[in-house]
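Reading through the structure tokens given below for one structure.
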Amino acid sequence: MQLRSGSGSTAAVLMALAAFATACGGGSDPTAGATAGATAGTGADAGKPKGGAVDFDTVFKTEDRFRQALPDPESMKGWKPKTGRANVEEQPKSAAECGPDTHWDCTRIANGSVKFEAFGEFAYFDIQSYADKTAAGAACRKEKDWSAKYTKAEVAPVPSVEGHAYYRNAGGLDGLNLTMCLGTVIAQVRLEDGGGSSLDPDTVHSLAQLFVPRIQKAAAAS
């Protein structure tokens, strides 16, 4: 598993390679879970947020927050880990500095992502962190406006989580994106077709059910 700092603005790598050491030392058998993404967290209560809407004030800007929130190889059995990284903006921009015409993630203060692969399909998990819920909400609305130009995808919602999904081709790869707004973060699950993906909405939904409880747990950690 290779960790990199982000490009563009100067970034400090937060995540330690040790967090993914189990994957690089053999990990799980990728042939044992060809449909792991489609079946993960499908129990009666698996992955369902408890106690109403998913909401929190915790700001994600530490190594532990991202490490706990992003899926690890143990939770993604049947998928091969590819990359993982986390960046913190040394000089985050305010809404006034960004203005109305910049990309929706302009005001983020940190972000983290991991990538997995199985049978020609890539799964990405991404977290964009903001200084507070107001900033996150504004970015979420901006992202929804920005993504409206893409074809809507019908992905079953994760209970108590605001989100929307769409199909998008980027870098020559077809993808299915699910964006979710939770407290101070915007979380995204993305499938990309690397030659063997059907971009199944059920797979995205199941991966989101795995992702959301991890974010909640990380937000609640002291």
Side-chain angles (χ1 to χ4, degrees), residues 1-25 27 37 40-41 47 49 54-77 79-93 103-117 122-133 135-137 139-140 143 158 161-163 177-192 204 207-222:
M1 176 69 73
Q2 182 178 12
L3 279 81
R4 301 190 181 96
S5 60
S7 58
S9 62
T10 304
V13 178
L14 298 176
M15 300 176 70
L17 183 60
F20 297 95
T22 55
C24 299
V54 177
D55 188 25
F56 49 81
D57 295 301
T58 305
V59 177
F60 281 60
K61 58 180 180 180
T62 68
E63 176 183 339
D64 284 344
R65 297 278 184 217
F66 283 102
R67 185 183 297 147
Q68 290 178 51
L70 292 166
D72 57 14
E74 181 64 24
S75 65
M76 289 289 288
K77 290 185 181 296
W79 295 81
K80 180 180 179 181
K82 303 295 287 185
T83 58
R85 66 184 182 124
N87 310 317
V88 59
E89 302 291 342
E90 293 185 350
Q91 294 182 318
K93 295 181 179 179
H103 193 59
W104 58 267
D105 64 0
C106 181
T107 60
R108 73 185 182 191
I109 64 169
N111 74 300
S113 64
V114 289
K115 174 184 177 182
F116 294 85
E117 184 269 337
F122 298 103
Y124 297 80
F125 300 86
D126 185 80
I127 296 173
Q128 306 286 341
S129 174
Y130 295 85
D132 53 39
K133 291 193 293 186
C140 194
E143 190 281 335
V158 176
V161 175
E162 176 188 352
N177 295 47
L178 172 64
T179 299
M180 298 176 288
C181 304
L182 309 89
T184 61
V185 306
I186 295 176
Q188 293 183 305
V189 177
R190 183 170 80 256
L191 287 183
E192 281 188 357
V204 172
L207 294 176
Q209 286 187 302
L210 180 154
F211 196 14
V212 168
R214 293 183 67 95
I215 296 172
Q216 286 183 282
K217 182 177 180 180
S222 58

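Quick caveat, the model's predicted, so the values are computed rather than measured. As a basis for the values below, the full set of heavy atoms in this structure was taken, side chains included, without hydrogen atoms, waters or symmetry mates.
Atom CD of residue Glu162 and atom CG of residue Asp55 lie 11.0 Å apart, to the nearest 0.5 angstrom. Between the OG atom of Ser75 and the CZ atom of Phe125 there is a distance of 7.0 Å, given to the nearest 0.5 Å.
Here the options are Leu207, Val189, Val158, the test is side chain to side chain contact (heavy atoms under 4.5 Å, CB included), and the partner is Val212; only Val158 passes. When each of Thr179, Ile127, Asp105 is paired with Ile186, the side chain to side chain contact (heavy atoms under 4.5 Å, CB included) condition holds for Thr179 and for no other.
Nearest heavy-atom pair across Cys106 and Lys93 is SG-CD, 3.9 Å. Smallest separation of non-hydrogen atoms from Ile215 and Ala187: CD1-CB, 3.6 Å. Scanning both residues, Val114 and Pro71, for their nearest heavy atoms gives CG2-O, 3.8 Å. Minimum heavy-atom separation, Pro213 to Ala208: CD-O, 4.4 Å.
For NZ of Lys133, the number of neighbouring non-hydrogen atoms (other residues, nucleotides, ligands) closer than 6.0 Å is greater than 12.
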*Would you sort out whether Thr83 and Arg85 count as a side chain to side chain contact (heavy atoms under 4.5 Å, CB included), showing the intermediate values?*
CA-CA 7 Å; Thr83 58; Arg85 66 184 182 124; over 6 Å; no
*So Asn111 and Ser129, side chain to side chain contact (heavy atoms under 4.5 Å, CB included) or not? Walk me through it.*
CA-CA 6 Å; Asn111 74 300; Ser129 174; over 6 Å; no
*Evaluate side chain to side chain contact (heavy atoms under 4.5 Å, CB included) for Val88 paired with Ile109, printing each intermediate quantity in order.*
CA-CA 6 Å; Val88 59; Ile109 64 169; 5.9 Å; no
*Under the side-chain hydrogen bond (donor to acceptor under 3.5 Å, both in side chains) criterion, do Tyr124 and Glu192 qualify, and how do the steps go?*
CA-CA 8 Å; Tyr124 297 80; Glu192 281 188 357; 3.2 Å; yes
*Under the side-chain hydrogen bond (donor to acceptor under 3.5 Å, both in side chains) criterion, do Asp126 and Gln128 qualify, and how do the steps go?*
CA-CA 7 Å; Asp126 185 80; Gln128 306 286 341; 2.8 Å; yes
*Arg65 and Gln68: side chain to side chain contact (heavy atoms under 4.5 Å, CB included), yes or no, with the steps?*
CA-CA 5 Å; Arg65 297 278 184 217; Gln68 290 178 51; 5.8 Å; no
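Taking Phe60 as the reference, Phe56 meet the ring pair (Phe, Tyr, Trp, His ring centres under 6.0 Å) condition, with sequence neighbours excluded. Every residue two or more places apart in sequence or in another chain was checked for a side chain to side chain donor-acceptor pair (under 3.5 Å) with Thr58, and none qualifies.
With Arg190 contributing its side chain and Val204 its backbone, the two residues share no donor-acceptor pair below 3.5 Å.
Among residues at least two apart or in separate chains, salt bridge (Lys or Arg N to Asp or Glu O under 4.0 Å) pairs with a member in residues 211-222 are Asp72-Arg214.
Cation-pi geometry between Lys115 and Phe122 is satisfied (NZ or CZ under 6.0 Å from the ring centre, within 45° of the ring normal). Cation-pi contact between Arg108 and Tyr130: absent, since separation from the ring centre below 6.0 Å together with deviation from the ring axis within 45° is not met.
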